[in-house]
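Working notes, structure below.
Computed from a predicted structure; not experimentally measured. Side chains included, hydrogens not; waters and symmetry mates left out as well; all remaining heavy atoms used.
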Amino acid sequence: MTVESTAARGTTRRGSGEGAPAGAPAAESAAPAKKAPARKAPARKAPARKAAAKKTAEANGGPELVQLLTPEGERVEHPDYAVDLSAEELRGLYRDMVLTRRFDAEATSLQRQGELGLWASLLGQEAAQIGSGRALRDDDYVFPTYREHGVAWCRGVDPANLLGMFRGVNNGGWDPNSNNFHLYTIVIGSQTLHATGYAMGIAKDGADSAVIAYFGDGASSQGDVAEAFTFAAVYNSPVVFFCQNNQWAISEPTERQSRVPIYQRAQGFGFPGVRVDGNDVLAVLAVTRAALEHARSGQGPMLVEAFTYRMGAHTTSDDPTRYRADEERAAWEARDPILRLRTYLEKQGLADEEFFAALERESEELGSSVREKIRTMPDPDTMAMFEHAYADGHALVDEERAQFSEYLASFTDTDAAEQKGA
């Protein structure tokens with residue numbers, strides 16, 4: 001398996017640097033006993049140096065990181081993953097990321113203006129979402145969290161319907177079976193169980209489609225995720241676990257979530273994992289395609305860790321300046337996924353100024369359209385919440401509907417009596 005060989009090579013390279021410096025035992029035996037503390041000093045410092053080097057390597061994704069497009073916009077090759085895209089397809093990926101970012105920015109502004117109750121921005125994670133979203137087939141099924149706006153875009157979900165949930169006027173806004181895109185899941189990590197169960201089902205049905213479950217680095221600490229890994233491995237389920245490691249689980253850094261890189265945790269459950277540069281849309285596309293094919297072909301689950309960064313707040317109720325440094329964000333801004341692909345397109349002459357100008361106009365039109373739809377969105381039918389609790393109805397729901405209807409009518413009667421008395 002190519003992914004396993006990649007992980008093995010990464011482990012070997014990291015392991016080769018461990019241990020004491022050459023000649024250390026001989027030097028120790030020749031030194032006077034009274035200088036023992038001085039001789040031990042280098043040994044005490046070595047772990048600190050190695051820890052610092054490891055932390056630096058980890059910040060850059062480590063040697064095992066799959067990358068096809070560098071932050072400077074240079075195309076590179078990888079022995080296990082490749083992607084061959086036309087100029088039109090490359091421009092399409094760039095367009096997807098730009099429009100997704102524009103929609104996300106508009107949603108943030110709408111929340112600040114009181115039009116939305118809450119918003120979870122994807123700023124900085126566009127490549128991870130567009131790359132993986134465009135790797136899917138129409139018959140694949142997606143189980144998202146609450147931040148997969150780019151994947152929703154790839155699955156054809158109307159942005160206005162998506163925002164309706166955050167405005168409080170619908171319970172999702174789209175039919176999951178129309179787009180093979182499940183409703184957003186707010187409970188952290190539970191969607192991995194839903195995805196695993198769905199994958200077990202389609203495997204029993206004999207379908208050759210795959211399932212993908214999105215979650216974050218913080219969710220990887222949830223028991224639901226561990227249970228999903230166990231069931232998926234034991235039942236050889238055709239599911240890809242796609243972890244967007246954006247470095248922060250609200251205010252907790254990844255290093256407080258896991259002692260090893262997240263992708264390596266798959267080994268303990270008996271299936272392969274791979275770490276990809278989550279700001280490289282080409283690498284994400286290639287790796288996700290391979291992972292989905294791995295699942296479809298009966299080889300079982302696979303874990304993809306997209307190593308990326310949350311540029312904004314966890315949600316609009318969060319203040320990231322209280323727990324992370326500006327220098328950290330500045331370092332990741334240099335790895336911006338959109339700028340990276342634009343640089344490549346310009347260097348290779350695959351897109352001209354007219355393309356970028358037209359896309360800018362389309363971007364502004366999208367923002368205006370979303371803003372108008374949200375501000376004119378009607379209030380929901382008060383009784384609609386009872387309509388989809390059960391597929392075939394339920395006596396208890398019918399009873400609750402009647403009680404709530406009577407409760408609402410009491411306000412109407414009171415208002416009418418007050419008006420009549422006035």
Side-chain angles (χ1 to χ4, degrees), residues 1-11 64-68 77-85 127-144 148 151 154-155 180 191-215 220 225-226 228-245 261-278 280-307:
M1 174 63 194
T2 57
V3 176
E4 293 175 316
S5 64
T6 303
R9 286 198 299 274
T11 303
E64 66 273 20
L65 188 76
V66 177
Q67 188 178 84
L68 299 179
E77 300 299 325
H78 191 278
D80 298 323
Y81 298 98
V83 66
D84 184 17
L85 301 176
Q129 296 195 16
I130 297 301
S132 59
R134 290 305 181 195
L136 294 162
R137 291 191 333 206
D138 289 343
D139 59 333
D140 294 331
Y141 209 100
V142 180
F143 286 83
E148 272 66 68
V151 185
C154 293
R155 299 307 274 181
N180 276 14
Q191 72 279 1
T192 58
L193 287 172
H194 307 155
T196 300
Y198 192 92
M200 291 165 62
I202 62 174
K204 288 183 178 295
D205 291 342
D208 71 339
S209 55
V211 177
I212 188 167
Y214 289 87
F215 61 100
S220 69
V225 175
F229 284 2
T230 298
F231 271 83
V234 170
Y235 287 93
N236 209 46
S237 303
V239 57
V240 173
F241 297 106
F242 193 94
C243 176
Q244 291 180 82
N245 179 1
I262 291 173
Y263 82 95
Q264 291 183 4
R265 293 164 69 174
Q267 299 175 17
F269 293 88
F271 56 90
V274 59
R275 171 179 280 187
V276 61
D277 184 343
D280 175 358
V281 68
L282 304 186
V284 174
L285 177 65
V287 167
T288 309
R289 276 181 177 174
L292 290 166
E293 187 54 37
H294 173 93
R296 292 192 198 101
S297 60
Q299 299 181 66
M302 187 166 169
L303 171 62
V304 175
E305 178 193 355
F307 197 77

Would you name the heavy atoms of Val284 and Ala128 that are closest together and state the gap between them? CG1-O, 3.5 Å
State whether the side chain of Asn245 and the backbone N or O of Phe307 hold a donor-acceptor pair below 3.5 Å, judged by distance alone. no
If I take atom CE from residue Met302 and atom CG from residue Leu292, how far apart are they, to the nearest 0.5 angstrom? 9.5 Å
Apply side chain to side chain contact (heavy atoms under 4.5 Å, CB included) to residues Phe143 and Thr196 and explain how you reach the verdict. CA-CA 10 Å; Phe143 286 83; Thr196 300; over 6 Å; no
Determine the sole option in Leu303, Thr288, Thr192 for which the side-chain contact (heavy atoms from CB on, under 4.5 Å) test with Phe242 is passed. Thr288
Is a side-chain N or O of Ser237 found less than 3.5 angstrom from the main chain of Ala233, in a donor-acceptor match? no
Does a side-chain heavy-atom distance below 4.5 Å link Val274 with Val66? yes
Can you tell if the side chain of Val151 reaches within under 4.5 Å of the side chain of Pro144, non-hydrogen atoms only? no
Classify the ring geometry of Phe229 against Phe269: parallel below 30°, tilted from 30° to 60°, perpendicular beyond 60°. perpendicular
Within the distance-only criterion (no hydrogens, no angle test), does the side chain of Asp280 pair as donor or acceptor with the backbone N or O of Asp277 below 3.5 angstrom? no
Would a distance-only check, ignoring hydrogens and angles, find a side-chain to backbone donor-acceptor pair under 3.5 Å from Glu305 to Tyr263? yes
How close do Ser209 and Arg137 get, heavy atom to heavy atom, and via which atoms? CA-NH2, 3.9 Å
Nearest heavy-atom pair of Val240 and Ala295: which atoms, and what distance? CG2-CB, 4.3 Å
Quick one: pull up CD1 in Ile202 and CG in Asp205 and give me the separation to the nearest 0.5 Å. 8.0 Å
Check whether any side-chain heavy atom of Arg155 lies under 4.5 Å from a side-chain heavy atom of Leu136, and answer yes or no. yes
Go through Cys154 and Ile130 one step at a time and tell me if the side chain to side chain contact (heavy atoms under 4.5 Å, CB included) criterion holds. CA-CA 7 Å; Cys154 293; Ile130 297 301; 3.8 Å; yes
In terms of heavy-atom contacts, Pro238 and Ala199 come closest through CD-O, 3.4 Å
Locate the shortest heavy-atom distance separating Ala286 from Leu68; write the atom from each residue and the value. CB-CD1, 3.9 Å
Just do the side chain to side chain contact (heavy atoms under 4.5 Å, CB included) check on Tyr214 and Val142 with the steps written out, would you? CA-CA 8 Å; Tyr214 289 87; Val142 180; 3.7 Å; yes
Let's go through Val239 and Ile212 carefully: what are the C-alpha distance in whole Å and the side-chain angles of both, what is the deciding distance for side chain to side chain contact (heavy atoms under 4.5 Å, CB included) to 0.1 Å, and is it a yes or a no? CA-CA 6 Å; Val239 57; Ile212 188 167; over 6 Å; no
Rounded to the nearest 0.5 Å, what separates atom CD in Glu148 from atom OG in Ser132? 8.0 Å
With no hydrogens and no angle check, is any side-chain donor or acceptor of Arg265 less than 3.5 Å from a backbone partner on Ser220? yes
Do you know the tightest heavy-atom contact between Gly300 and Asn236? CA-OD1, 3.3 Å
For the pair His78 and Tyr81, name the ring-plane relationship: parallel under 30°, tilted 30 to 60°, perpendicular over 60°. tilted
Salt bridge or not for Arg296 and Asp139, using N-O below 4.0 Å? no
Ring centroid separation for Tyr141 and Tyr198, is it under 6.0 angstrom? yes
Under a plain distance cut-off of 3.5 Å, with no hydrogens placed, do Gln299 and Glu293 share a side-chain donor-acceptor pair? no
